[in-house]
Amino acid sequence: MKLNELLKTVQPTQVIGSTDIEITGVNIDSRLVEEGHLFMAMRGTQTDGHAYIPAAIQKGARAIVCEELPQGGGGESFAPGVTYVVVKDSEEAVGRIATLFYGDPTSKLELVGVTGTNGKTTTATLLYRLFRYFGYKVGLVSTVCNYIDDEAVPTEHTTPDPITLNRLLGRMADAGCQYAFMEVSSHAIAQKRISGLRFAGGIFTNLTRDHLDYHKTVENYLRAKKKFFDDLPRDAFSLVNLDDKNGMVMVQNTRSSVHTYSLRSLCDFKGRVLESHFEGMLLDFNGQEVAVHFIGRFNAYNLLAVFGAAVLLGQKPEEVLIGLSTLHPVAGRFEAIRSPQGYTAIVDYAHTPDALVNVLNAIHGVLEGRGRVITVVGAGGNRDKGKRPIMAKEAARLSDRLIITSDNPRFEEPEDIIRDMMAGLNAEDRQKTVSITDRREAIRTACLLAQRGDVILVAGKGHEDYQEVKGVKHHFDDREELRKIMNP
């Protein structure tokens, strides 16, 4: 594609060189640049792409998009035959340029974004499964795995960088996908990874403390989420959780049509939990009953969001309810494993205080005092330290026994993370708590403590099949460990 075509939606402040040149690829990673590519220099949280402009040119870049022209010696230094395009905001420009280069894929499919602290993966994945059940070709962008209809594409981040994301959406459009469902993380919104994409709708699940290592304050975190709805076009829909205090805040300034869902209040999509057990729930959605293979009020909210979004996308309510009854939980999300000894283990990705409370309340809702709850939980290294004592406190409050262990320590010492968590416990909490650094031993200990009718919650890692220590991912899967212990 010609460079002048790619710059149509960008407003450069300065251009040096010709824009009537052919561009064969676009990159933000200088290592991936090939002859004829456009290299876009972004200021990242770890490195500044401007430092890699010379490397990109050496590898064959024909054009550079940057916020600052490279400096050399006593003045500006430009490589011959290379076009330099200066923009005010390269993060914004990258998304727009990538969208055009990959054929504006969101003009060819209905893209729905799901944002919030908890429930993004479940909501997006269930929408993907539901629309495939209806017979459509569908794409999914999620934490667990990306899909182009039935083709799995491994994922690195909840929301990929703009180049990867547009390439993926382009492949979905080329494969004939009519719909795509996507988790939209607060990082992706703040870093403008979704710039240039057209959304048919946005879903807000909830907002609780998370990612403060990046956003610094809850207000910044909220503003990042809200920006997604601020930017939705007039012909899109917003579907927000009315029971979350931030639900209506999200859509204060949106141009999209606003719709609500709730288990407590009058709204567009109203739900009630009629019955709950470890095999599932009986729900009432807008006056019609549906039996589902999911447990817990938090899952009732997720399913209600799926129901509402499907109806807003033109599906008949009765057919959506039938579809919901066929769906099963996402891997590592309240995944129940029964032991021959008569206790149940639940593996869940819960890694925030609120998610932990939701899962533990769901377990208590089913147990109704008929068994004990034993919780195994840790916290990730190099992430928001402030949530560690809160998670431990909430886990202790809602558990009969608590084992604090290692999660993904990354570049921190596991013992330091455990110490931060233990700081949230009072003397009474500590009486029922032990710390075991080795996660395998922690899970084994929980199984030894469990008796018939008890429930073990192993929280924090869910679908992950690794432990990240000092930059290295070692194979480790909570579900595998539980099955080995239960069936020696």
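Just so you know, these numbers use all the heavy atoms, side chains as well, and skip hydrogens, waters and symmetry mates.
- Aromatic ring orientation, Y136 versus F134: perpendicular (interplanar angle above 60°, classes split at 30° and 60°).
- Heavy atoms only, all atoms of each residue included: R439 and V458 are closest at NH2-CG1, 3.8 Å.
- Side-chain N/O atoms of H187 and R193 include no donor and acceptor closer than 3.5 Å.
- With salt bridges taken as basic N to acidic carboxylate O contacts below 4.0 Å, one links E151 and R171.
- With E22 contributing its side chain and M1 its backbone, the two residues share a donor-acceptor pair below 3.5 Å.
- At distances below 3.5 Å, not a single donor-acceptor pair connects side-chain atoms of T405 with backbone N or O atoms of G378.
- Rounding to the nearest 0.5 angstrom, the gap separating the NZ atom in K225 from the CD1 atom in I189 is 5.5 Å.
- Not less than 6.0 angstrom separates the ring centroid of Y261 from the ring centroid of F307.
- With hydrogens and angles disregarded, no donor-acceptor distance shorter than 3.5 Å links the side chain of K8 to the backbone of L100.
- R96 places no side-chain N or O within 3.5 Å of a backbone atom of L6 that could act as its donor or acceptor partner.
- F237 CZ: more than 12 foreign heavy atoms inside a 6.0 Å radius.
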### Message
I'd like to know whether R419 forms a salt bridge (charged side-chain N to carboxylate O under 4.0 Å, His left out) with D416, so could you lay out the CA-CA distance, the side-chain angles of the two residues, the decisive distance to 0.1 Å, and finally the verdict.
### Response
CA-CA 5 Å; R419 203 174 297 116; D416 293 341; 2.8 Å; yes
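- I295 contributes atom CD1, which lies 4.5 Å from atom CZ of F334 (distance to the nearest 0.5 angstrom).
- Not less than 6.0 angstrom separates the ring centroid of F298 from the ring centroid of Y301.
- In this structure a side-chain-to-backbone donor-acceptor pair under 3.5 Å is missing from S238 to S256.
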### Task
Report the C-alpha separation of I163 and F101 in whole Å, then their side-chain angles, then the decisive distance to 0.1 Å, and conclude whether the side chain to side chain contact (heavy atoms under 4.5 Å, CB included) test is met.
CA-CA 9 Å; I163 310 283; F101 187 81; over 6 Å; no
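- Counted by atom type alone, T143 and E183 present one or more donor-acceptor pairs between their side chains at under 3.5 Å.
- The number of heavy-atom neighbours closer than 6.0 Å to CD of Q58, taken from other residues, nucleotides and ligands shown, is 12 or below.
- Judged by distance alone, with hydrogens and angles left aside, the side-chain atoms of D161 form a donor-acceptor pair with the main-chain N or O of T164 at under 3.5 Å.
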### Chi angles and distances behind the side-chain hydrogen bond (donor to acceptor under 3.5 Å, both in side chains) call for R167, Y102
CA-CA 6 Å; R167 189 188 303 124; Y102 288 103; 3.3 Å; yes
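- For the atom pair CG of L482 and CD1 of I337, the computed distance is 5.0 Å after rounding to the nearest 0.5 Å.
- S195 and T99 get closest at one heavy-atom pair: O-OG1, 3.8 Å.
- Ion pairing between a basic and an acidic side chain is recognised when a charged N comes within 4.0 Å of a carboxylate O; E413 and K470 show such pairing.
- Heavy-atom contacts from other residues, nucleotides or ligands closer than 6.0 Å to NZ of K88 number 12 or fewer.
- A salt bridge links R132 to D149: at least one charged side-chain nitrogen sits closer than 4.0 Å to a carboxylate oxygen.
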### Task
Mind running side-chain hydrogen bond (donor to acceptor under 3.5 Å, both in side chains) on D354 and N118 for me, showing each step along the way?
CA-CA 8 Å; D354 187 63; N118 302 311; 3.3 Å; yes
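- H474 NE2 to D465 CG: the interatomic distance, rounded to the nearest 0.5 Å, is 13.5 Å.
- Residues forming a ring pair (Phe, Tyr, Trp, His ring centres under 6.0 Å) with Y84 (at least two apart in sequence, or on another chain): F78.
- Look at R43 and E68 and you find a salt bridge, because one of the NZ, NE, NH1 or NH2 atoms lies within 4.0 Å of a carboxylate O, short of that distance.
- With R198 as reference, D104 is the one residue of D104, D231, D235 to meet the salt bridge (Lys or Arg N to Asp or Glu O under 4.0 Å) rule.
- Relative ring orientation between Y349 and H463 is described as tilted, the plane-to-plane angle lying within the 30° to 60° band.
- Looking only at distances, a side-chain donor or acceptor of E412 sits under 3.5 Å from a matching main-chain atom of N382.
- Listed for the N408 side chain is no donor-acceptor partner under 3.5 Å among the backbone atoms of R410.
- Of all heavy-atom pairs between D243 and S262, the closest is OD1-OG, 2.6 Å.
- Atom OH of Y147 has 12 or fewer heavy atoms from other residues, nucleotides or ligands within 6.0 Å.
- K59 places a side-chain N or O within donor-acceptor distance of the main-chain N or O of R31, the cut-off being under 3.5 Å.
- Between L38 and I97, the closest heavy-atom pair is CD2-CG2, 3.8 Å.
- N206 places no side-chain N or O within 3.5 Å of a backbone atom of N241 that could act as its donor or acceptor partner.
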